[in-house]
Amino acid sequence: MSSKIMVVDDEKHIVELARLYLVREGYEVEGVGDGSQAVARFGQLKPDLVILDIMLPGADDYLTKPFHPQELVARAKALLRRARSEPDQPKLVRAGKLEVDIERHQVRHGSERVQLRPKEFDLLALLARHPGRVFQRGELLDLVWGYDFPGYTRTVDVHVQQVREKLAAANITDPSIQTVWGVGYRLELAGS
C-alpha cells in the first residue's frame with residue numbers, strides 16, 4: 001500500500017509540481033491551498049506525511065523555495081522511512097563509558113554531561129548505536145537529516161567536527177569519532 005501525502009501551499013504551481021513528482025514515485029498525493037482546507041481534509045485523508053508552506057505551523061524538516069523536486073522526493077522518502085523505523089530504537093545507548101539517553105536527549109560520560117544541539121545529538125546517537133560500523137557521509141545525511149542529496153555531505157563533516165570538539169572539551173577521548181578516509185565516519189571504542 002502506498003503512503004498518503006498531503007501537500008499544502010497557497011501557490012498552485014508548487015502544489016502541482018510536488019504532486020507530479022511524488023505521484024511518479026508511487027505516492028498517493030492530495031494538494032490543498034491553505035491551512036484551513038488542510039485541517040478539514042486531514043481527518044478524512046489521514047496522511048502519512050504533510051508537506052506544507054513554512055508560513056503554516058509545524059515541521060520536522062525544512063526546504064527553502066525554490067526547491068529541486070527531486071530533493072523534495074528524497075526528503076519525503078527519508079521522513080516516511082524514519083517514521084516507520086523509529087519505534088524499535090532503544091531508549092538508552094551505551095558505547096564504552098558514553099551514555100546516550102534518547103528519551104531525555106542527554107549525553108553523559110560518567111558524571112560529565114555533554115551539551116549537544118539536536119542534530120549533533122542525533123548524529124552521536126546513531127554512531128553510538130553501531131560502534132565500529134563505518135557510515136558513509138551520504139548514509140549519515142539520510143539517516144540523521146532525513147535526506148540524501150548530492151552536495152550536502154559537507155553538513156555531515158561540520159557536525160562531526162562540532163561533536164568532536166564538544167567531546168574534547170569534556171575531556172572525553174573514549175569513545176571517539178574516527179574518520180575513515182574516502183569513506184565516512186565510525187565511533188571507535190578503546191581497545192577495539
Visitor: Can you confirm whether L116 sits close enough to K166 that some side-chain heavy atom of one is under 4.5 Å from a side-chain heavy atom of the other?
Guide: yes
Visitor: With a 4.5 Å heavy-atom cut-off, do Y21 and E16 have their side chains touching?
Guide: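 Y21 does not reach E16 side chain to side chain.
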Visitor: Determine whether L124 and L98 make a side-chain contact, defined as any pair of heavy atoms from C-beta on separated by less than 4.5 Å.
Guide: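 Heavy-atom side-chain distance check passes, below 4.5 Å.
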Visitor: Measuring from atom OG of S36 to atom CZ of R41, what distance do you get when rounded to the nearest 0.5 angstrom?
Guide: 13.0 Å
Visitor: Could you check whether any side-chain N or O of R164 sits under 3.5 Å from a backbone N or O of I177, counting only pairs where one atom can act as donor and the other as acceptor?
Guide: yes
Visitor: Using links of under 4.5 Å between side-chain heavy atoms of ILVMFWY residues, direct or through other members, which residues join V134 in one cluster?
Guide: V180, V183
Visitor: Is there a side-chain contact between F121 and V163 in this structure, where contact means two heavy atoms from C-beta onward sitting under 4.5 Å apart?
Guide: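 No; the side chains remain at least 4.5 Å from each other.
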Visitor: Once rounded to the nearest 0.5 Å, what's the spacing between atom CD of Q161 and atom CG of D157?
Guide: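 Answer for the CD-CG pair, Q161 versus D157, is 9.5 Å.
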Visitor: Would you call K91-D101 a salt bridge at under 4.0 Å N-O?
Guide: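 Looking at K91 and D101, the cut-off is not met.
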Visitor: Does the structure place the NZ or CZ of R133 under 6.0 Å from the centre of the six-membered ring of F135, at an angle of no more than 45° from the ring's axis?
Guide: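 Yes, R133 and F135 form such a contact.
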Visitor: V8 versus I51: any side-chain heavy-atom pair under 4.5 Å?
Guide: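 Of all side-chain heavy-atom pairs linking I51 with V8, none is under 4.5 Å.
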Visitor: Do the side chain of H109 and the main chain of D174 share a donor and acceptor less than 3.5 angstrom apart?
Guide: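 Checked: pair present.
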Visitor: Just wondering, do L92 and I102 contact through their side chains at under 4.5 Å, heavy atoms?
Guide: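 They are not in side-chain contact.
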Visitor: Just to verify, which of L45, L49, V50, V29 counts as forming a side-chain contact (heavy atoms from CB on, under 4.5 Å) with K4?
Guide: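 Answer after filtering L45, L49, V50, V29: L45.
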Visitor: Contact between V158 and Q162 at the side-chain level, heavy atoms closer than 4.5 Å - yes or no?
Guide: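 In contact.
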Visitor: Indicate, with yes or no, if L20 and V73 share a hydrophobic cluster defined by side-chain heavy-atom contacts under 4.5 Å among Ile, Leu, Val, Met, Phe, Trp and Tyr.
Guide: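 No, V73 does not connect to L20 through the hydrophobic network.
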Visitor: If you round to the nearest 0.5 Å, how far is CG of L141 from CZ of R137?
Guide: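 Answer rounded to 0.5 Å: 11.5 Å.
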Visitor: Any salt bridge linking R108 with E99? Criterion: basic side-chain nitrogen under 4.0 Å from a carboxylate oxygen.
Guide: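 No.
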Visitor: Taking all non-hydrogen atoms of both residues into account, name the closest pair between A18 and V7 and its distance.
Guide: CB-CG1, 4.1 Å
Visitor: Using 0.5 Å steps for rounding, measure from the CG atom of L127 to the CG atom of L187.
Guide: 6.0 Å
Visitor: Is R117 atom CZ crowded by more than 12 heavy atoms from other residues, nucleotides or ligands, each under 6.0 Å away?
Guide: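 Counting neighbours around CZ of R117, 12 or fewer heavy atoms of other residues, nucleotides or ligands fall under 6.0 Å, so no.
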